[in-house]
Amino acid sequence: MSIMGPPSASGRFGEYGGRFVPESLIPACFELEAVFNEAWGDPEFVGEYRRILSEFGGRPTPVTELRRFSEKFGVRVFLKREDLAHTGSHKINNVIGQALLTRRMGKTRLIAETGAGQHGVATATAAALLGLECVVYMGEVDVARQALNVFRMRLLGASVVSVVSGSRTLKDAINEAMREWVASVETTHYCIGSVMGPHPYPYMVREFQRIVGEEALVQSKEILDGQVPDYVIACVGGGSNAAGTFAGFVDTTAKLVGVEPEGGAAINRGIPGVVHGMRSNLLQDDVGQVLEAHSISAGLDYPGVGPEHSYLASIRRASYVTANDDEVLNALQVLSKFEGIIPALEPAHAIAYVIREAGKEIPLGSTVLVTMSGRGDKDAELVAQLLGDDV
Amino acid sequence: MPRESLGRLELALTDKKMSGGKLLVPYVCGGLGDWVETIHAIIEAGADAVEVGIPFSDPIMDGPTIQEAAQKALEAGTTPWQILSEVRRASFSVPIAVMTYYNIIHHAGHERFAKELEQCGIAGSIIPDLQLDEATDWIRVSGENRIENVLLAAPSTPPERLKRLADNSRGFVYGVGRMGVTGEHASLADSASEIARRLKECTEKPVLVGVGVSNADQAALVSRVSDGVIVGSALVRRLLQGGGPQAAHDFVGELRRGLDAG
Ligand SMILES: Cc1ncc(COP(=O)(O)O)c(C=O)c1O
């Protein structure tokens, strides 16, 4: 049995997970669970999912060795290149799976939340591919800082709803999408973008992202003459690219490290709480109000984290660390200049950790696999501003 | 259930129902303006019990009106403990149920929160994101502290589950009147009378319908089937518009007359 197997019948990974949603949504959660379990065991469904991800999504994505970077920092670093997947991030793996399930359930409409806009773009793409209607909820702050992605979603035929409640970022976009889902659940599937939400989402999304880790395991063994990397590192917002990556390596000797943003570090600074349908680590005040996260990366600007990460942290199978905004900006520039790869701000957190800890936490000479969860185009304008450049 | 084993909330509602009256339970957001005065006013106008909201940062079952009220109350520095102690001090003449989201209770701990409710004279709890399958421990702990936990039943709830849910609910059963979040609507959804009918078929407990019941006509219409109604957004909107206790009194009086006229 894998450490990252199915959760318990109540959707628990250890003490984390569950199904904390209004009664109105419970039948939809049960239906989704049943349909997913059946589909995931159906070779025809899995075949179509894999075929679309290869023909349309560009899989398998390569693993790239960072030669100049490795020489500079004294550890041997490989990137799993999800930035090269269609739409520019790992999000496509999940949405193709969920869009196919939507069709299987006879639903015709997808709604999604998005922070950085990558999940919104991916959902809009999958909807266009399968002829589904698509509405994306996005906090007003994120609409402003990820304007390019808003335009991409509209071009793909989706409507984008700017959410003005609360902190106007990812947390509130999720609230609004959930509220809309309560009202439209008959015809609409809520395509959650990370390993979070009520059961079966954390499990289902991890399974759809597992392909990242499974490919990377085979690829890194090929490069390392049958060995697995010493470290496997990924950034953690909700935690889907990390969960997918870890799923491939959790039963090997690799050390797993999730990198949280300093201003949204649910595992490092949160305590168990319940929001968005799940029990997991959560940033909250002294009476249980959920706090706002603060990160330059819209995709990691979230006060919670997927429940399986809380579990992996609790059993110490994975460790979780943080990187701050300055380290991230630096990492983005270093990777761009040394390797010709402009990372998104999210995976730049994982790179920042490697830069900071090479020769310290990560011994010199270690082999390190980092999931490059997305490309940096969407952040170019913001980064230019932060660096005082005019675009 | 024998009468002596009923909690205060269920007893009060059952007595009223037995005497042929329809039940009226308005919702007031704790911490919003002069909410304590408002509750006194709506009790005078004929509320049979009052649902007091403890605002939460992420109210996923609430539409724009109650969201705004919660946000205002939080910005004014409202805390759960402060609301509970004000309820205690006010010692209202009808049963009070608190309505909040589960993280507030989870954060405090079940034992501590239930004891605090009990000490403040609160009769019930309504937690829209704590559905039956996750509620077992809270139902037990709250019950041990004489708090009646009300479960919500939705139009989408299948028959077998509806029965289990009604059996496990205390105080009354909350029939969610429409597939959606709280908010006012021009007309009553068909699902409101339908959920009332389905619940009445499987329980003797008082059945109240809330979510989307917006005025006296709608309240009277659904109460032909249900034992009464819960009205939130329509009242909270009047408070947000600056109406104060008097406007609340007038509106709840209207609802009362509508229900009494049938
Ligand atoms: C490129 C990229 N990486 C990571 C994330 C964070 O999500 P997760 O932690 O689920 O992988 C996002 C979210 O928008 C993203 O766009």
Side-chain angles (χ1 to χ4, degrees), chain A residues 9-12 15 17-31 163-167 171-188 197-199 270-280 282-292 303-304, chain B residues 54-64 67-68 70-71 74 78-83 100-109 113 127-136 151-158 161-162 165 169 174-183 189 191 195 211-212:
Chain A
S10 69
R12 293 282 195 295
E15 301 169 12
R19 200 174 250 159
F20 298 88
V21 288
E23 174 65 21
S24 305
L25 295 176
I26 292 299
C29 291
F30 281 132
E31 181 194 14
V163 175
V164 296
S165 58
S167 62
K171 160 174 104 77
D172 307 281
I174 297 170
N175 290 338
E176 212 46 43
M178 286 238 176
R179 291 179 186 119
E180 158 59 23
W181 195 33
V182 176
S184 63
V185 64
E186 287 272 315
T187 58
T188 300
H199 179 56
I271 59 170
V274 174
V275 78
H276 298 151
M278 61 188 175
R279 181 175 190 276
S280 191
L282 179 66
L283 300 177
Q284 45 192 315
D285 73 4
D286 57 358
V287 298
Q289 308 293 355
V290 181
L291 295 173
E292 292 171 17
Chain B
I54 298 178
F56 177 56
S57 53
D58 296 82
I60 55 166
M61 191 56 195
D62 287 305
Q67 280 177 48
E68 185 186 337
Q71 199 160 344
L74 288 173
T78 305
T79 70
W81 309 118
Q82 180 190 335
I83 290 176
T100 193
Y101 288 83
Y102 181 53
N103 198 48
I104 298 293
I105 297 175
H106 181 273
H107 188 279
F113 202 80
I127 313 156
D129 61 344
L130 192 66
Q131 47 90 18
L132 178 62
D133 307 326
E134 297 288 359
T136 312
L151 291 172
L152 292 87
S156 55
T157 307
R161 184 176 166 91
L162 198 73
L165 205 151
S169 191
Y174 192 134
V176 176
R178 63 163 62 225
M179 289 299 284
V181 296
T182 59
S191 53
I195 188 69
V211 181

Interatomic distance, [X] atom [atom1] to [Y] atom [atom2] [nearest 0.5 angstrom]:
{"X": "B:Leu132", "Y": "A:Ile26", "atom1": "CG", "atom2": "CD1", "answer": "9.0 Å"}
{"X": "A:Ser184", "Y": "B:Met179", "atom1": "OG", "atom2": "CE", "answer": "8.5 Å"}
{"X": "A:Ser167", "Y": "B:Asp58", "atom1": "OG", "atom2": "CG", "answer": "8.0 Å"}

So, the side chain of [X] versus the backbone of [Y]: is there a donor-acceptor pair under 3.5 Å, distance only?
{"X": "A:Glu23", "Y": "B:Ala154", "value": "no"}
{"X": "B:Asn103", "Y": "A:Gly288", "value": "yes"}
{"X": "A:Asn175", "Y": "B:Ile60", "value": "no"}

[X] versus chain B, heavy atoms under 4.5 Å apart: side chain, backbone, both or neither?
{"X": "A:Glu180", "answer": "neither"}
{"X": "A:Val21", "answer": "backbone"}
{"X": "A:Glu186", "answer": "neither"}

For residues [X] and [Y], report the shortest heavy-atom separation together with the two atoms involved.
{"X": "B:Glu134", "Y": "A:Arg19", "result": "OE2-N, 2.8 Å"}
{"X": "A:Phe30", "Y": "B:Arg161", "result": "CE1-NH1, 4.0 Å"}
{"X": "A:Arg179", "Y": "B:Asp62", "result": "NE-O, 2.9 Å"}
{"X": "B:Ser57", "Y": "A:Val290", "result": "OG-N, 2.8 Å"}

Winner by heavy-atom pair count (cut-off under 4.5 Å) against chain A, out of B:Met61, B:Gln67, B:Gln71: B:Gln67

Which of B:Val176, B:Thr157, B:Ile105 touches chain A most, by non-hydrogen pairs under 4.5 Å: B:Thr157

Do you know which of A:Pro27, A:Pro198, A:Gly18 has the most heavy-atom pairs under 4.5 Å to chain B? A:Pro27

Chain B shares the most heavy-atom pairs under 4.5 Å, among A:Val275, A:Val287, A:Leu291, with A:Val287

So with a 6.0 Å cut-off around CD of B:Gln82, is the heavy-atom count from everything else above 12? yes

Note, A:Ser24 side chain near B:Gln131 side chain (heavy atom, < 4.5 Å): no

Would you say that A:Ile271 contacts B:His107 through its side chain, given a criterion of any heavy-atom pair below 4.5 Å between the two side chains? yes

Working for side-chain contact (heavy atoms from CB on, under 4.5 Å), residues A:Val274 and B:Tyr101: CA-CA 9 Å; A:Val274 174; B:Tyr101 288 83; over 6 Å; no

